[in-house]
Chemist: 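Below are the structure tokens for one structure; questions will follow.
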Amino acid sequence: MNNLADIALAIDRADSVLICGHVLPDGDSLGSMLALGLALEKLGKKVTMGGADRVPAIYGFLPGVDRYVEGAPPAGEYDTFIVLDCSVPERLGKGYQEMLSSGVVVINLDHHAGSKSFGTYRYIDPAAAAVGEIIFDLFNLMKVDISLESAICLYTAIVTDTGSFQYENMQPDTHRRVAELLELGVPAAQINQELYEEKPKAVLDLLGLALGTLSLSPCGRVCWMTVTRKLLNISGAEDEHTEGLVNYARSIRGVQVGILFRETEGGDFKISFRSKGTVDVNRLSAMFGGGGHPRASGCVMSGNLADIQEKIVSAAVLAAGGINN
Ligand code: 5GP
Ligand code: MN
């Protein structure tokens, strides 16, 4: 583990930088990437940004998002590869994972507690609510004047990873950093509207169908929802529109663990866990090969849906101190 000053020096030495986040990019991985990439470009570095998966439409407003290259990393001479918000090499996605062993300097910036140790330089701060906070601190160390464009990206990273400043990953310093971003002119209300109030109707159609699948364990501590390809097809919603659905499962009184089972295009099941009690869902998802944070985690499983649900729900009920009937 390095300190941020080491990271700042390593970035200072870089000439040609490739930056990526994780598969199924979210507000933190994209916001952090664009904020950093745009700033490094202003410092005269050659910057390439991208990832294996496409950018969800709601992040289309982010400054610099047109620079994101989808798919395998573009061919190029890179001396430095910066990896953001990615706890395990597998979540880099195809093409990017291979970059780790290509001989370039790898800088790994993350905030996942169980983050795997990879990269030439590593800075992992589980106390950070978002990688965007780490980038903010890095800018200060590098004495970078944060541009409005980068500030918008950092605000987006922080607002999305804190659930609009609701989650317990918030620290007093999170608000201090955000206050500075607002002072730089970030139009917070406009960004929040882009993120949360510009949904296609299909998203609410999907919500209606998904709520119809809500199931509660007999102990009342675990609640889950299921989104199959069929429900996505009927509603006309896209995979990315399932974001946030799991919070409905968690929002019921007495529920400690909310779970969303989502069938992927490939026929596997993506499972999202959210905790609001004392259950560490990072540990829960790790039992099934996944990971994340104590209150938000995920994993992917293949097989028969009923079998998967039986395994996952039983483990969740046990973790929540309930009794499987
Ligand atoms: P979500 O449920 O929103 O997809 O993911 C919540 C958190 O869990 C993410 O911040 C991510 O860190 C983690 N996560 C989700 N899916 C996986 C997975 O398949 N493997 C690992 N290691 N972490 C995951
Ligand atoms: Mn994050």
Side-chain angles (χ1 to χ4, degrees), residues 20-36 51-53 56 58-59 83-93 97 108-118 123-136 153-163 167-171 174 195 210 224-227 239-250 257-264 266 268-276 279-302 308 312 316:
C20 96
H22 54 73
V23 287
L24 304 174
D26 63 6
D28 187 25
S29 72
L30 287 169
S32 298
M33 174 195 307
L34 296 168
L36 181 60
D53 292 337
I58 57 161
Y59 301 117
V83 176
L84 303 171
D85 201 26
C86 202
S87 55
V88 286
E90 298 77 55
R91 278 177 60 81
L92 283 168
Q97 207 180 320
N108 173 0
L109 299 176
D110 189 25
H111 69 137
H112 291 91
S115 198
K116 269 227 178 110
S117 201
F118 68 91
Y123 183 80
I124 290 119
D125 179 9
V131 172
E133 290 202 272
I134 300 174
I135 303 295
F136 180 97
C153 294
L154 291 183
Y155 177 86
T156 302
I158 297 170
V159 78
T160 52
D161 255 26
T162 57
Y167 301 152
E168 65 173 22
N169 55 4
M170 293 269 306
Q171 327 164 57
T174 312
L195 290 170
W224 65 99
M225 290 159 89
T226 310
V227 172
D239 288 18
E240 69 203 49
H241 296 141
T242 58
E243 175 82 40
L245 281 181
V246 63
N247 294 328
Y248 288 94
R250 178 177 59 180
V257 179
I259 307 173
L260 174 72
F261 295 89
R262 173 172 70 80
E263 187 179 358
T264 66
D268 292 335
F269 288 90
K270 168 77 209 286
I271 299 139
S272 290
F273 298 94
R274 296 293 185 272
S275 161
K276 75 162 183 252
V279 181
D280 181 344
V281 290
N282 185 18
R283 279 172 59 186
L284 189 58
S285 62
M287 289 166 58
F288 300 97
H293 305 280
R295 300 285 170 265
S297 69
C299 65
V300 178
M301 290 176 77
S302 29
I308 291 173
I312 295 271

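We count ligands from 1, going down the list as the structure has it; atoms in each ligand are counted the same way.
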Chemist: For atom 18 (C) of ligand 1, grab the closest protein heavy atom and report residue, atom and distance to one decimal in Å.
Modeler: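 Atom 18 (C) of ligand 1 sits closest to the protein heavy atom Gly298 O, 3.4 Å.
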
Chemist: Please write down residue, atom name and distance for the protein heavy atom closest to atom 8 (O) of ligand 1.
Modeler: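 So the nearest neighbour among protein heavy atoms is Ser297 CA, 3.1 Å.
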
Chemist: Under 4.0 Å, counting heavy atoms only: does Arg274 come that close to any atom of ligand 1?
Modeler: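 Flag set, Arg274 near ligand 1.
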
Chemist: Could you tell me, atom by atom, which parts of ligand 1 come under 4.0 Å of a heavy atom of Gly292?
Modeler: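 Within the 4.0 Å cut-off of Gly292, ligand 1 contributes 8 (O), 12 (O), 13 (C), 23 (N).
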
Chemist: Residues in ring pair (Phe, Tyr, Trp, His ring centres under 6.0 Å) with His22, at least two apart?
Modeler: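 Residues passing ring pair (Phe, Tyr, Trp, His ring centres under 6.0 Å) with His22: none at all.
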
Chemist: Do Val131 and Asp125 have side chains that approach each other closer than 4.5 Å (heavy atoms only, starting at C-beta)?
Modeler: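 Of all side-chain heavy-atom pairs linking Asp125 with Val131, none is under 4.5 Å.
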
Chemist: Counting backbone and side-chain atoms alike, does Asp26 have an N/O/S atom under 2.8 Å from the Mn ion (ligand 2)?
Modeler: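 Of the N, O and S atoms in Asp26, none lies under 2.8 Å from the Mn ion (ligand 2), which means no.
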
Chemist: Among all protein non-hydrogen atoms, which one is nearest to atom 21 (C) of ligand 1, and what is the separation to 0.1 Å?
Modeler: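 Result: Gly291 N, 3.2 Å.
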
Chemist: In the protein, what heavy atom is nearest to atom 19 (O) of ligand 1, and what distance, to one decimal place, separates them?
Modeler: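 For atom 19 (O) of ligand 1, the nearest protein heavy atom comes out as Cys299 CA, 3.5 Å.
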
Chemist: Measure the CZ-CD distance between Phe118 and Gln97 for me, rounded to the nearest 0.5 Å.
Modeler: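 Output value for this atom pair is 9.0 Å.
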
Chemist: Not counting sequence neighbours, which residues clear side-chain hydrogen bond (donor to acceptor under 3.5 Å, both in side chains) with Asp28? List them please.
Modeler: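 Listed in chain order: Ser32, His111.
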
Chemist: Do any nitrogen or oxygen atoms of Lys270 come within less than 3.5 Å of a nitrogen or oxygen of ligand 1?
Modeler: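 Min N/O separation from ligand 1 is below 3.5 Å for Lys270.
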
Chemist: Considering only non-hydrogen protein atoms, determine which one is nearest to atom 12 (O) of ligand 1 and report residue, atom name and distance to 0.1 Å.
Modeler: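 It is His112 NE2, 2.6 Å.
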
Chemist: Treating Tyr59 as the side-chain partner and Gly27 as the backbone partner, does any N or O pair qualify as donor plus acceptor under 3.5 Å?
Modeler: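 Checked: pair present.
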
Chemist: List the closest protein heavy-atom neighbour of atom 2 (O) of ligand 1: residue, atom name, distance to the nearest 0.1 Å.
Modeler: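 Looking at atom 2 (O) of ligand 1, the protein heavy atom closest to it is Ser272 OG, 2.6 Å.
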
Chemist: Measure from the Mn ion (ligand 2) to each N, O or S atom of His111 and report whether any distance is below 2.8 Å.
Modeler: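 Given the 2.8 Å cut-off, His111 counts as a ligand of the Mn ion (ligand 2).
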
Chemist: So which heavy atom in the protein is nearest atom 7 (C) of ligand 1, and how far is it from that ligand atom?
Modeler: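 I find the closest protein heavy atom is Ala296 O, 3.6 Å.
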
Chemist: Numbering the atoms of ligand 1 from 1, which are under 4.0 Å from a heavy atom of His293?
Modeler: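 Here the atoms of ligand 1 in question are 10 (O).
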
Chemist: Nearest 10° is fine: what angle sits at the Mn ion (ligand 2) between OD1 from Asp85 and OD2 from Asp28?
Modeler: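 Here the angle at the metal atom is close to 100°, to 10°.
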
Chemist: Let me check your reading of the structure: within less than 2.8 Å of the Mn ion (ligand 2), is there an N/O/S atom from Asp161?
Modeler: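 Within the cut-off used here (under 2.8 Å), Asp161 does place an N, O or S atom near the Mn ion (ligand 2).
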
Chemist: Counting only heavy atoms not in Lys276, do more than 12 fall under 6.0 Å of its NZ?
Modeler: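 Result for NZ/Lys276: enclosed.
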
Chemist: Starting from atom 11 (C) of ligand 1, locate the nearest protein heavy atom and write down its residue, its atom name and how far away it is, to 0.1 Å.
Modeler: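 Checking every protein heavy atom, the shortest distance to atom 11 (C) of ligand 1 gives Arg91 NH2, 3.6 Å.
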
Chemist: Roughly how far apart are Leu284 CG and Asp280 CG, rounded to 0.5 Å?
Modeler: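 Leu284 CG to Asp280 CG: 8.5 Å, rounded to 0.5 Å.
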
Chemist: Determine whether more than 12 heavy atoms belonging to other residues, nucleotides or ligands lie under 6.0 Å from atom CZ of Phe288.
Modeler: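 Yes, enclosed.
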
Chemist: Do Ser87 and Ser115 have a side chain donor and acceptor closer than 3.5 Å?
Modeler: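 Result is no, nothing qualifies.
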
Chemist: Can you check whether Met170's main-chain N or O pairs, donor with acceptor, with Thr174's side chain at less than 3.5 Å?
Modeler: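 Side chain of Thr174 to backbone of Met170: no pair is present.
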
